[in-house]
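The figures here come from the full heavy-atom set of this structure, side chains too, leaving out hydrogens, waters and symmetry mates.
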Amino acid sequence: MELSKSNFQKRNQNNNLLGYFKKLKPTPEQPESKVADYVVVCQSDCNVESTSNYANNVESKGNNPDNVESASNIPDNVESTSNNLDDVPNINPMDIGLLIHQAVKNNSNKRAELLMAIWKPDGTFKFPQSGQRNLKFQLNWLTKWSWLSYSKMLDGVFCKYCVLFNQNEGGRGKQKLGKLVLEHFSNWKKAIEEFNKHENTNYHKMSVLNADNLLSVYNKNKDSIDVQINNSLKMEIQQNCKKIQPIIKTIILCGRQGIALRGHRDSGPIDLQHSTNDGNFRALLRFRVEGGDKEVNSARCFTVLADETTDIAGIEQFSLCARYLDKTKMIMREDFLKFVPVSDVTGKGLATTLLTNLEEIGIDVKYLRGQGYDGAASMSGQFNGVQAHITKHYPLAHYIHCSSHSLNLAISDACSIQSIRNCTGTIQKVCVFFKYPKKNNVLSESIARVCSSSTHSRLKLLCPTRWVDRHESIIIFLELFDAIVDSLSEVCTWLDKDASSGAYQLLCAIRQPEFILATYILGHVLSLSLPLSKFLQTKNIDLVEAIQTADDVVNIIKQLRLNDENEFKIIFNKVKSKCDALNIEISIPRTANKQKNRCNVQVDFPEDYYRISLFIPFVDHFLNQLNDRFLSHRSVIENFSFILPSSNSVHNEEKIKQLVEMYQGDLDCSVLAAVSEIKVWKQKFTGTEDLPKNAIDALQKCNISIFPSTFKLLQILATLPVTTASSERSFSTLKRLKTYLRNTTCENRLNGLALMNIHSDIMIDPDDVLNKLATKTRRLRLISIGKFIDVFVGYPGSCHDAYVWSNSPLYQKLSENSEYLIPKNHYILGDSAYPLTDYLLKPYRNNCLMQPKQKHFNTVLSSTRVIIEQTFGYLKGRFRRLKGIESLDYALVSHTAVAAAVLHNICKASVDENEYYSDEEVHITDEIYELNMNNYDDIREAIATDLYNNI
């Protein structure tokens, strides 16, 4: 059995080692305050009934003095001395009048934070007058006596050092202190006299010294007292930092490169001569051994990008990204935030998940000014979609459909023309046909023989979702067309009837003039939209520039439509040359008076027929789709366009006024002042050719100190989402990190690795990681294993463990009052032989009905109890006599076992054997500690659930 931490205030005086440790004096390497901190374990082995680990390997969460947060933040645990602060208006929560008698409830680090965060009146503060002479506090007194702190709530002053360091007694005779310490001072007539008198008191000087020492330790200017006393501890900590740094650097490298950490064997010591593959992490670590959310809030304007996908484990992952302006570099950033597993994929469920996680990250949702999602009904639904639910709470968070999805949908709908649809389906089947090795070898030989100048050696499958990416596939198909025909002709001669019949069907399909014409037309039109698709996937663009680029593509396609005869003639001549080389005749299909399945236009030449039936419908449909899909985008930026200077823009004051009124809450001026400011801003560019091309360019030319309202509106415009490409890029990282062999990766590890991989440009300092680790309770001191604090002997080894335990003096005392020996929220750990009580935890019975959380609880318990076996191993290694004591005197056998345990402790206290133990302490959340459960099974079940949720 093991106890996480135990502070024995009173010790048993019976035949055990409690009396011995009561007399034990502190060693030079061990501070006196640490002597009594032990860990209790109990096990029936070699007739020795209990042992444990030195308690410095585990520190309870509540006693961690190093858990320091930023001093700039107001501490969370400051309690008020007033039951109703509403009675005193406009009182700062850090008013010193609220902190009286609270110092005793805060540890040293919290006192240091309070000392630096105490409220101080500024030069504009008006101090109230009091008394018959209407005297008041003078602001310059705070400068002359730096230890003074004024309380607005009490209209008095205190000595902040004496208040925070809890000096209740002082002066002659240790009298109880009053004014300036426990009571406020407000007799301004005698202020200077009392201040000088207080400044010369001994207890004040001691408080000032204590404050100075504490701040020096807090600011890392000098070591804490226990580190100063224990030089060996300081050396040990330095050695531990050197050991942890290679591990941290290796994890950072794996995270940035998107490399999985584990291998087939991922436990035990690292053997430098190890030759088997034990994973990337341990291999990189061995190489090192041998070789030796604030930014988003500071922008005060952001938009959220979200998309969802299913990972390898079948879990729906919700990817969250934020788009905001980096004011230092004046560029737009789209930062990945986290993956969130979701089960409720309805619009309301996803909206709740999105807002909740943004708040958990620390992002202020009141600055949300836009939403970027795809066109799925659960995301874009007008009534029950995510955007609808979020807009109800945040009306200024405009929803903008992803521009890349809009372009893909426009191309997809345009390709619904019968000839184009059949063409893409046939190309895909040909690519799949040659995917297999035997057929691909035939294609490779044909390419080398027929298309020797080609740089491609195989076909590329058409992307099922990104239609613009099909352009490359179609270009490769056209380039290797002759080799494909040659390969299919050869496969047709095979004896394999499935392969030969399939090749013959595909050969007949691709030799049709309509198919070849549709392929060339599709490739030509997609080549016009390909630059737009690539441009939309960049980060540093805004919606105005995206719409302008889309309009440019629309204008080019319109020109293509207006010059349809000349443009199609060029395409038709290329197809005719290809068909002549393959002996394919281009002719008009059979026509009838009533034709339902294809165009029945009456023309004399094949060129006119295919131009009317194929080319013009495809181009017209594509143009209509582009205009319709980007119509909503144009409506969003309609009013914004009037604040951008351009050569042909008109100053529409009414539209600008509507825009200013919409975002009045973001501007620090009236509507009239903002409209006038924008007018002056646009006048600045009159007669100049250096006009801003987009909102980002305009921001770089806008002086925020002169045009603050204009700058804010331009920032909102630049922040509006363009695409959700950043969220989709995170899916690639997800596939690399959560693989088939790592499909049980927990969300914390997954998000940590994903953040390091996606944000690889952010440098991580290992020293910062070490400082972060130091603020948490861990076994990072790597202390030596196993000291016995209670030994009970005398029963034979054949007795059951539970029987021996129930007859031990320690059990009797724990049964009477377990809190007397075991601190609250700590437990003894035992194996399945021991009974389950309020202070003793045992594993679940292993059967086929065990839940995953119960299995995980047993694993954690067993891995924590391994210290017991190791301690007994060290004991038997030192005293071989314990393996078999040859004596008929039972009392001598018992005394020998106790003496061996005592000598073991002496050896451990005096000899540094460099035995390290680096496992992390198992934490349990504070909510479980607050539960008042009398059922022992409920306690164990609650702990098991908490451990499983924090995997």
Begin from the C-alpha positions of Leu526 and Leu530 and carry the test side-chain contact (heavy atoms from CB on, under 4.5 Å) through to its verdict. CA-CA 6 Å; Leu526 289 183; Leu530 181 61; over 6 Å; no

Do other residues, nucleotides or ligands put more than 12 heavy atoms under 6.0 Å from [X] [atom1]?
X: Lys684; atom1: NZ; result: yes
X: Glu661; atom1: CD; result: yes
X: Arg421; atom1: CZ; result: yes
X: Lys701; atom1: NZ; result: yes
X: Glu585; atom1: CD; result: no
X: Phe535; atom1: CZ; result: yes
X: Lys327; atom1: NZ; result: yes

Side-chain contact test, heavy atoms from C-beta onward, threshold under 4.5 Å: evaluate it for [X] versus [Y] and give yes or no.
X: Leu488; Y: Ile510; result: yes
X: Asp413; Y: Gln625; result: yes
X: Glu607; Y: Lys576; result: no
X: Ser419; Y: Tyr610; result: no
X: Tyr373; Y: Leu354; result: yes
X: Leu325; Y: Cys301; result: no
X: Leu517; Y: Phe572; result: yes
X: Arg323; Y: Ser726; result: no

Do [X] side-chain atoms and [Y] backbone N/O form a donor-acceptor pair below 3.5 Å?
X: Ser577; Y: Asn573; answer: yes
X: Gln428; Y: Leu462; answer: yes
X: Asn440; Y: Lys435; answer: no
X: Glu677; Y: Thr710; answer: yes
X: Ser473; Y: Leu461; answer: yes
X: Lys439; Y: Ser487; answer: no
X: Thr724; Y: Cys402; answer: no
X: Gln715; Y: Ala299; answer: yes
X: Asp486; Y: Ser446; answer: no
X: Ser501; Y: Asp498; answer: yes

Give the intermediate values and the outcome of side-chain contact (heavy atoms from CB on, under 4.5 Å) for residues Phe568 and Asp608. CA-CA 9 Å; Phe568 182 75; Asp608 296 332; over 6 Å; no

Kindly write out the residues that satisfy salt bridge (Lys or Arg N to Asp or Glu O under 4.0 Å) with Asp374, not counting sequence neighbours, or none if the list is empty. none

Rounded distance [0.5 Å steps], [atom1] in [X] versus [atom2] in [Y]:
X: Ile571; Y: Asp564; atom1: CD1; atom2: CG; value: 10.5 Å
X: Trp681; Y: Ile643; atom1: CH2; atom2: CD1; value: 9.0 Å
X: Thr519; Y: Glu514; atom1: OG1; atom2: CD; value: 10.5 Å
X: Lys574; Y: Lys578; atom1: NZ; atom2: NZ; value: 11.5 Å
X: Leu532; Y: Leu626; atom1: CG; atom2: CG; value: 8.0 Å
X: Ile556; Y: Lys558; atom1: CD1; atom2: NZ; value: 12.5 Å

Any idea which heavy atoms bring [X] and [Y] closest together, and the distance?
X: Ala483; Y: Leu443; result: O-CD1, 4.1 Å
X: Ser529; Y: Val553; result: CA-CG1, 4.5 Å
X: Cys321; Y: Phe336; result: SG-CA, 3.8 Å
X: Gln387; Y: Gln382; result: NE2-CA, 3.6 Å
X: Val345; Y: Leu350; result: O-CD1, 3.7 Å
X: Asp697; Y: Pro692; result: OD2-CA, 3.3 Å

Does Asp551 form a side-chain contact (heavy atoms from CB on, under 4.5 Å) with Arg634? I'd like the steps, not just the answer. CA-CA 10 Å; Asp551 290 340; Arg634 293 185 178 91; 2.4 Å; yes

Apply ring pair (Phe, Tyr, Trp, His ring centres under 6.0 Å) to Phe640 and Tyr663, showing your working. CA-CA 11 Å; Phe640 280 104; Tyr663 294 101; 5.8 Å; yes

Which of Ile570, Val525, Leu478 passes side chain to side chain contact (heavy atoms under 4.5 Å, CB included) with Tyr520? Answer is Leu478

Quick one: sort the Phe339 and Phe731 rings into parallel, tilted or perpendicular, breaks at 30° and 60°. parallel

Geometric class of the Tyr399/His401 ring pair [parallel <30°, tilted 30-60°, perpendicular >60°]: parallel

I'd like to know if the side chain of [X] pairs up with that of [Y] as donor and acceptor (distance under 3.5 Å, no hydrogens or angles considered).
X: Asp307; Y: Ser727; value: no
X: Thr391; Y: Gln371; value: yes
X: Thr733; Y: Arg736; value: yes

Before giving the answer on side-chain contact (heavy atoms from CB on, under 4.5 Å), spell out for Arg369 and Asp666 the whole-Å C-alpha distance, their side-chain angles and the decisive distance to 0.1 Å. CA-CA 10 Å; Arg369 292 296 176 267; Asp666 293 326; 2.7 Å; yes

